[in-house]
Amino acid sequence: MNRIISAAVVVVGAGPAGLAAAAAAADRGASVVVIDSGGQPGGQYWRHRSERTFPDSDGAGHHGWKTYRGLRRRFDAAVADGRLRYFPGQQVWMAQQAEDGFVLRTSPAVDSGAQGITVSALKLVLCTGGYDRQLPVPGWDLPGVMAAGGIQGFIKANGMLPGKRFVIAGTGPFLLSVAAGIAEAGGKVLGVYDSAALTNWVPHLHAAALVPEKALEGAEYAGVFARHRIPYRTRTVVTEVLGADCVEGVRTAKVDNRGRIRHGTERTIRGVDTVGFGWGFTPQLELPAALGVQTSVDTDGSLVGTVNDRQESSVPGLFLAGEITGVGGAALSVLEGDTAGTAAALSLAGTPVPPRRDRKNAYRRFAAAMHAAHPVPAVWLQWQRQDTLLCRCEEVTVGEAQHALDTLEASDSRTLKSLTRTGMGWCQGRVCGFAASCLTAGQNAAPSEVSLASTAKRPLASPVSIGNLAALTGPIDPPPSRTESPA
């Protein structure tokens, strides 16, 4: 039988936002449950080697490790004295509104034979983060092609490299972080290729000046690039990944400010065994979408949940923090998580949330500037061939998708899915969803909110076994009353 538990505040996710939200809510007297798909706290940003084997990580290769250690001490203290219950290795596959709160269903993140749990809560804080945004390119389905964040996560979790000779491409400062981590771990980076130009930052220098620590990070990366002689090329893209059975090389080309290839600038780089692509991040919005939150399209073209100054969404009692309100980095996620956890706990007793002075606005302005300076190139579809895979799971090509648009009048990603099976595979559109939405919008047009929302809405937010479905029996106990969990 599925295990049933309840809490006043439930936090989904144990990354920067989730840790901050859980610690804040527990510190204010609320009974807290934290559900996380990871095996230990930290999320993707503070992912580190197994604490069972390496219990005293020094944080090498991480930024903000001091912040993590401070949050972790508060988190662990709350677990130790019973204010917080932590369920790692569980992913939420369904979230529903109940008469007085919310009900969540989980399944094990790893097929371990364990059962999922059912959780009821008065207040819900979603801190589900995001994942690497990808664009198709010929050869991107070859073994050895990874998301840039996947390479970084592999290094942090395993203390080793997934290859030896790397090319990193896409856009944004995150590429610098990934390349620097590879070099410091002993890998050879043959080139970092950013489709944007650094001069794009000129109109946004004021916003950049509000967050001077980002400039210090940039200087740190510049030092690593100099020591390891890493080539860094702007307004350059990888137009094709080369290889028969695995990655063997790449083709690159210079582009103009709209992403159009400058013919005559093509170059072939051989001796590559791993390619990392990163075009920003996609907020993981399945659970907010399932609960009906109001959304909008952010500066970078991502669908995000809208919140007020307390991080509360359009659904009363549901708070959002971190990347699902807009990709802005770990420091912003921590501030939003702290606000959300505090507001959730205080609202249990009807206590007003006191005015806060923090740097959320500065970080949000910096994030908007970063997105504007490093956009997805407007005409990236011109790089594609008709036989380039758009949906790798269902093996749908760009040509097949274009045919559905031209002759079958597909107008959004949902229609495209119905006509071609794009997004119907194992990843459920997480990898191809943004690209499909761009394709349906047409050249030079941004994907619509309707198209992005149809990609985010899924009946099941994550895989669940038939056994876990069959175990959903028995009544659900109501969450603790508000008076049982004073803030």
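The model shown is predicted, which means the values in this text are computed figures rather than measured ones. We're numbering straight along the sequence, starting at 1.
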> Evaluate the side-chain proximity of Asp132 to Phe174: yes if any heavy-atom separation is below 4.5 Å, no if none is.
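The answer is yes, as the side chains (C-beta and beyond) meet within the 4.5 Å cut-off.
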> Short question: side chain of Thr325, backbone of Ala321 - any donor-acceptor pair under 3.5 Å?
no
> Suppose we call two aromatic rings close when their centres sit under 6.0 Å apart. Are Tyr193 and Tyr232 close by that rule?
no
> Checking side-chain polar atoms at under 3.5 Å, does Glu51 have a donor or acceptor matched by the opposite partner on Ser57?
no
> So does Ala344 get a backbone contact from the side chain of Ser347, meaning a donor-acceptor N/O pair under 3.5 Å?
yes
> So Val189 and Val192, do their side chains get closer than 4.5 Å, heavy atoms only?
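When only atoms from C-beta onward are counted, Val189 and Val192 do touch, with a gap below 4.5 Å.
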> For His63 together with Tyr45, are the ring centres under 6.0 Å from each other?
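When the ring centroids of Tyr45 and His63 are compared, they turn out to be at least 6.0 Å apart.
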> Where the side chain of Arg430 meets the backbone of Cys427, is there a donor-acceptor pair that is under 3.5 Å apart?
yes
> Which of these, Val178, Ile230, Leu161, sits in a side chain to side chain contact (heavy atoms under 4.5 Å, CB included) with Phe166?
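For Phe166, the side chain to side chain contact (heavy atoms under 4.5 Å, CB included) check succeeds only for Leu161.
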> Take a 6.0 Å sphere around CG of Asn257 and say whether it holds more than 12 heavy atoms from other residues, nucleotides or ligands.
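More than 12 heavy atoms, drawn from other residues, nucleotides or ligands, come within 6.0 Å of this atom.
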> Before you tell me yes or no, could you show the steps for Gln96 and Arg105 under side chain to side chain contact (heavy atoms under 4.5 Å, CB included), namely the whole-Å CA-CA distance, both residues' side-chain angles and the distance that decides it to 0.1 Å?
CA-CA 9 Å; Gln96 301 168 288; Arg105 317 277 190 177; 4.1 Å; yes
> Any chance you could lay out the side chain to side chain contact (heavy atoms under 4.5 Å, CB included) test for Leu198 and Arg235, step after step, and finish with the verdict?
CA-CA 9 Å; Leu198 294 180; Arg235 284 205 174 157; over 6 Å; no
> Does Lys457 have more than 12 heavy atoms from other residues, nucleotides or ligands lying within 6.0 Å of its NZ?
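12 or below, so no.
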> Is there a donor-acceptor pair under 3.5 Å between the side chain of Ser302 and the backbone N or O of Asp298?
no
> Flag the pair Arg233 and Asp194 as a salt bridge only when some basic side-chain nitrogen lies within less than 4.0 angstrom of an acidic carboxylate oxygen.
no
> Go through the steps to decide whether His48 and Tyr68 satisfy the test ring-ring contact (aromatic ring centres under 6.0 Å, His included), and finish with yes or no.
CA-CA 11 Å; His48 50 285; Tyr68 167 71; 5.6 Å; yes
> Are Ser413 and Ser451 close enough, and set up right, to give a side-chain hydrogen bond (donor to acceptor under 3.5 Å, both in side chains), and what steps lead you there?
CA-CA 5 Å; Ser413 58; Ser451 188; 3.1 Å; yes
> Strictly below 4.0 Å, N to O, side chains only: are Lys417 and Glu394 in salt-bridge contact?
no
> Between Glu213 and Arg359, does a salt bridge (Lys or Arg N to Asp or Glu O under 4.0 Å) hold up when you go through it step by step?
CA-CA 12 Å; Glu213 58 266 36; Arg359 303 190 63 207; 3.0 Å; yes
> Would you say Gln152's side chain and Ile182's backbone share a donor-acceptor pair under 3.5 angstrom?
no
> Is there a donor-acceptor pair closer than 3.5 Å between any side-chain N or O of Ser195 and the backbone N or O of Pro377?
no
> Search all heavy atoms of Leu210 against all heavy atoms of Ala362 and return the closest pair with its distance.
CB-CB, 4.1 Å
> Is there side-chain contact between Pro283 and Val327, with heavy atoms separated by less than 4.5 Å?
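They are in side-chain contact.
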> For Gln284, is there any backbone N or O sitting under 3.5 Å from a side-chain donor or acceptor partner on Thr128?
yes
> In the structure I gave you, are the side-chain heavy atoms of Phe319 and Leu126 within less than 4.5 Å of one another anywhere?
no
> If you measure from the Lys or Arg side-chain nitrogens to the Asp or Glu carboxylate oxygens, is any gap between Arg364 and Glu336 under 4.0 Å?
yes
> A side-chain contact here means heavy atoms from C-beta on lying under 4.5 Å apart; do Trp46 and Arg72 qualify?
no
> Can Arg133 be said to sit on top of Phe434's aromatic six-ring, NZ or CZ under 6.0 Å from centre and within 45° of the ring axis?
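The answer is yes; both the distance and angle limits are met.
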> Just by distance, do the side chain of Asp36 and the backbone of Pro88 share a donor-acceptor pair under 3.5 Å?
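Here the side-chain-to-backbone pair does not exist.
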> Under the criterion side chain to side chain contact (heavy atoms under 4.5 Å, CB included), which of Leu190, Val238, Val137, Val145 is the partner of Val250?
Val238
> Measure from the ring center of His374 to the ring center of Trp279 and say whether it is less than 6.0 Å.
no
> Could you walk me through whether Val10 and Lys123 satisfy the side chain to side chain contact (heavy atoms under 4.5 Å, CB included) test, starting with their C-alpha distance in whole Å, then the side-chain angles of each, then the deciding distance to 0.1 Å, before giving a yes or no?
CA-CA 6 Å; Val10 171; Lys123 306 293 179 180; over 6 Å; no
> Before giving the answer on side-chain hydrogen bond (donor to acceptor under 3.5 Å, both in side chains), spell out for Gln90 and Thr106 the whole-Å C-alpha distance, their side-chain angles and the decisive distance to 0.1 Å.
CA-CA 6 Å; Gln90 293 284 338; Thr106 81; 2.6 Å; yes
> With a 6.0 Å cut-off (strictly less than), is the heavy-atom count around CD of Glu395, excluding the residue itself, greater than 12?
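For Glu395, atom CD is not crowded (no more than 12 foreign heavy atoms under 6.0 Å).
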> Taking C-beta and beyond as the side chain, do Ile151 and Pro162 meet within less than 4.5 Å on heavy atoms?
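The answer is yes; the side chains approach within 4.5 Å.
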> Would you please test Phe75 and Val34 for side chain to side chain contact (heavy atoms under 4.5 Å, CB included) and show each step?
CA-CA 10 Å; Phe75 183 91; Val34 175; 3.9 Å; yes
> Do side-chain atoms of Thr295 reach the backbone of Leu303 as a donor and acceptor pair under 3.5 angstrom?
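Absent.
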> Does Gln134 use its side chain to pair, donor to acceptor, with the backbone of Phe277 at less than 3.5 Å?
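Yes; at least one donor-acceptor contact below 3.5 Å.
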> Is there a side-chain contact between Thr236 and Thr234 (heavy atoms, below 4.5 Å)?
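They are not in side-chain contact.
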> Should Arg356 and Asp338 count as an ion pair when the cut-off is N to O under 4.0 Å?
yes
